[in-house]
Amino acid sequence: MLLEAKNVVVSFKKENQAKLFGRERQTILHGLDLSLEKGECLGIIGESGSGKSTFGRVLSGLLKPDSGSVRLNGMEIYARHSHAERLALSHKTSIVFQDYTTSVNPRFRVKHILGESFRALRLAGERISKKEEYTTACSILERVGLPADFMERYPHELSGGQLQRVCIARAVAIRPEIVLLDEAISSLDAATQIQVMDLLKDLRRDSGLSYVFITHDLTAITYFCDKVHFMHNGRIVETVEDISRISEIKNSYAQDLLHAVVGIGIDHDNDEYARILEQRSETDAEALGPHGTGAHAAAQVSF
């Protein structure tokens, strides 16, 4: 098992206390379990406030839970570790956030943004020359669909889709085993969403990456993920181990989400979900004029 969480509980101190200097706490996550195999893509879906992003912080090592365990390759990530063990864990998981504009330093060129990952690798004990760093960074940029000359550009010189691709490149450059995507495509238009998800699929196939995909978009989940957890009020209320059987869910909250997506419940293969995503992008694609219609035409302009 690559990643395993058991009985994760997280609580925060309440803002409005009944007493002065009170210590009342509100439980946000109620005993959550999760497992992720190597090369797998797991979706976590829920409405705002369901606790899915908090769970993502726990899984990525950013928030120690009140109780429960999180193991990466069998190693408890919140236990006390030797210096060597901490270094071994330090770049096994990387994160791509929703807001790509605040995820990067606006004064950094792309080469410096990617350089953050190489600095992390050096801290973990790897020896990388500046020449190797530049060559590898150019190669990774090309893998995410951007030319090498983008290395000299600033964030404000890139489109939203291009900048999110830079963030993905930075996440991949650290050579992680798991990439956690926290609403990573939610702020992109529908046409660009398809292109980014297809890119992530290619990276997964070529590099053996595993993904935890946190979102509120069920259509994206069904297009991209192998299995999915439905979260509601800090609990996992339904788990679908095989995304092709998503129509068989029993929980009423999960069913409401399912029925909210036009077309789901008629045809449950990925081609159908791709068609739904394509429909969402028609307005954007038509605006491209002579470049054509559909998601691939959008990519010619925005990427």
S159 side-chain N/O to Q162 backbone N/O, donor-acceptor pair under 3.5 Å: yes
Between V104 and C167, does a side chain to side chain contact (heavy atoms under 4.5 Å, CB included) hold up when you go through it step by step? CA-CA 8 Å; V104 298; C167 292; 3.9 Å; yes
Pairs of donor and acceptor atoms involving the side chains of residues 118-125, under 3.5 Å and at least two apart or interchain, shall be tabulated with distances.
from	atom 1	to	atom 2	distance (Å)
R122	NE	I128	O	3.2
R122	NH1	E133	OE1	3.2
R122	NH2	I128	O	3.2
R122	NH2	E133	OE1	2.6

Listed partners of N105 passing side chain to side chain donor-acceptor pair (under 3.5 Å), at least two apart: none
Any donor-acceptor pair under 3.5 Å from S103 side chain to D99 backbone: yes
Any side-chain heavy-atom pair of S186 and T215 under 4.5 Å: yes
Side chains of D242 and S244: do they bring a donor and an acceptor to under 3.5 Å? yes
Check: residues 54-63 side-chain donor-acceptor pairs under 3.5 Å, at least two apart:
from	atom 1	to	atom 2	distance (Å)
S60	OG	G56	O	3.0
S60	OG	R57	O	3.2

For the OG atom of S94 and the CG atom of L180, what is their distance to the nearest 0.5 Å? 8.5 Å
Check this for me, if you would: do R204 and D226 make a salt bridge, where the nitrogen-to-carboxylate-oxygen distance has to be below 4.0 angstrom? yes
Mind jotting down which residue pairs meet the ring pair (Phe, Tyr, Trp, His ring centres under 6.0 Å) criterion with at least one end in residues 172-211? Sequence neighbours excluded, please. Y211-F224
Side-chain heavy-atom pair F213, I45 within 4.5 angstrom cut-off: no
Return the CD to OG distance between Q98 and S187, rounded to the nearest 0.5 Å. 5.0 Å
Joint cluster assignment, V237 & I214, ILVMFWY side-chain distance < 4.5 Å: no
Validation row: S210, L36 side chains within 4.5 angstrom (heavy atoms): yes
Common cluster, M197/V228, ILVMFWY with side-chain heavy-atom separation under 4.5 Å: yes
Partners passing salt bridge (charged side-chain N to carboxylate O under 4.0 Å, His left out) against E37 (at least two apart in sequence or in another chain): none
NZ of K92 to CG of L89: how many Å apart, nearest 0.5 Å? 8.0 Å
L199 vs R165 side-chain heavy atoms within contact, under 4.5 Å: yes
Kindly indicate whether the side chain of E177, heavy atoms from C-beta on, has any atom under 4.5 Å from the side chain of L209. no
Could you tell me which residues satisfy salt bridge (charged side-chain N to carboxylate O under 4.0 Å, His left out) with E116, sequence neighbours excluded, listed by chain and number? R170
What residues, two or more places apart in sequence or in another chain, satisfy ring-ring contact (aromatic ring centres under 6.0 Å, His included) together with H232? Y253
What I'd like to find out is whether the side chain of V166 reaches to under 4.5 Å of the side chain of I113, using heavy atoms alone. yes
I'd like to know whether K227 forms a side chain to side chain contact (heavy atoms under 4.5 Å, CB included) with I243, so could you lay out the CA-CA distance, the side-chain angles of the two residues, the decisive distance to 0.1 Å, and finally the verdict. CA-CA 5 Å; K227 64 181 183 180; I243 200 68; over 6 Å; no
With F230 as partner, the option from L258, I236, I249 fulfilling side-chain contact (heavy atoms from CB on, under 4.5 Å) is I249
Closest non-hydrogen atom pair between P176 and V179, with its separation: CG-CG2, 3.9 Å
Test side-chain hydrogen bond (donor to acceptor under 3.5 Å, both in side chains) applied to Y223 and D217, step by step: CA-CA 10 Å; Y223 182 75; D217 188 344; over 6 Å; no
Could you see if I168 belongs to whatever hydrophobic cluster contains I185? Use Ile, Leu, Val, Met, Phe, Trp, Tyr and a side-chain cutoff under 4.5 Å. yes
Do L32 and M231 make a side-chain contact, defined as non-hydrogen atoms from C-beta onward lying under 4.5 Å apart? yes
State the CZ-CD1 distance between R86 and I77, to the nearest 0.5 angstrom. 14.0 Å
Does I194 share a hydrophobic cluster with Y100, counting links as ILVMFWY side-chain heavy atoms below 4.5 Å and allowing steps through other members? yes
Do the side chain of S139 and the main chain of T135 share a donor and acceptor less than 3.5 angstrom apart? no
D202/R205 ion pair, N-O < 4.0 Å: yes
Run the numbers on E248 and V240 for side chain to side chain contact (heavy atoms under 4.5 Å, CB included), then give the verdict. CA-CA 9 Å; E248 300 175 11; V240 179; over 6 Å; no
All side chain to side chain donor-acceptor pair (under 3.5 Å) counterparts of Q26, not counting sequence neighbours: none
Do the side chains of V196 and L188 get nearer than 4.5 Å, heavy atoms only? yes
Is a side-chain donor-acceptor pair under 3.5 Å present for E183 with H216? yes
What residues, two or more places apart in sequence or in another chain, satisfy salt bridge (charged side-chain N to carboxylate O under 4.0 Å, His left out) together with D182? none
Between the main-chain N or O of G46 and the side-chain N or O of K52, is there a donor-acceptor pair closer than 3.5 Å? yes
Check for a donor-acceptor pair, side chain of S117 on one end and backbone N or O of A173 on the other, with a separation under 3.5 Å. no
If you compare all heavy atoms of N233 against all heavy atoms of H30, which two are closest, and at what distance to 0.1 Å? O-CD2, 3.5 Å
Give a yes or no on whether L203 and I95 share a hydrophobic cluster (residues Ile, Leu, Val, Met, Phe, Trp, Tyr; joining criterion: side-chain heavy atoms under 4.5 Å apart). no
Just jot down the side chain to side chain contact (heavy atoms under 4.5 Å, CB included) partners of S129, sequence neighbours excluded, or say none. K131, E132
Decide yes or no on side chain to side chain contact (heavy atoms under 4.5 Å, CB included) for E4 and V70, but give the supporting numbers first. CA-CA 6 Å; E4 186 175 26; V70 181; over 6 Å; no
Shortest non-hydrogen contact from A171 toward V96: CB-CG2, 3.7 Å
In this structure, OG1 of T219 is separated from CD of Q193 (nearest 0.5 Å) by 9.0 Å
Could you pull out every donor-acceptor pair under 3.5 Å between side chains of residues 140-156 and any protein atom, sequence neighbours left out?
from	atom 1	to	atom 2	distance (Å)
R143	NH2	S207	OG	2.5
E152	OE1	K111	NZ	3.3
E152	OE2	K111	NZ	3.3
Y154	OH	R109	NH2	3.4

How long is the gap from CD1 on I221 to CG on L257, to the nearest 0.5 Å? 10.5 Å
Name every donor-acceptor pair, under 3.5 Å, that has one atom in a side chain of residues 7-18 and the other anywhere in the protein, sequence neighbours excluded.
from	atom 1	to	atom 2	distance (Å)
S11	OG	R25	NE	2.9
S11	OG	D66	OD2	2.3
Q17	OE1	R23	N	3.4
Q17	OE1	E24	N	2.8
Q17	NE2	K14	O	2.8
Q17	NE2	E24	O	3.0

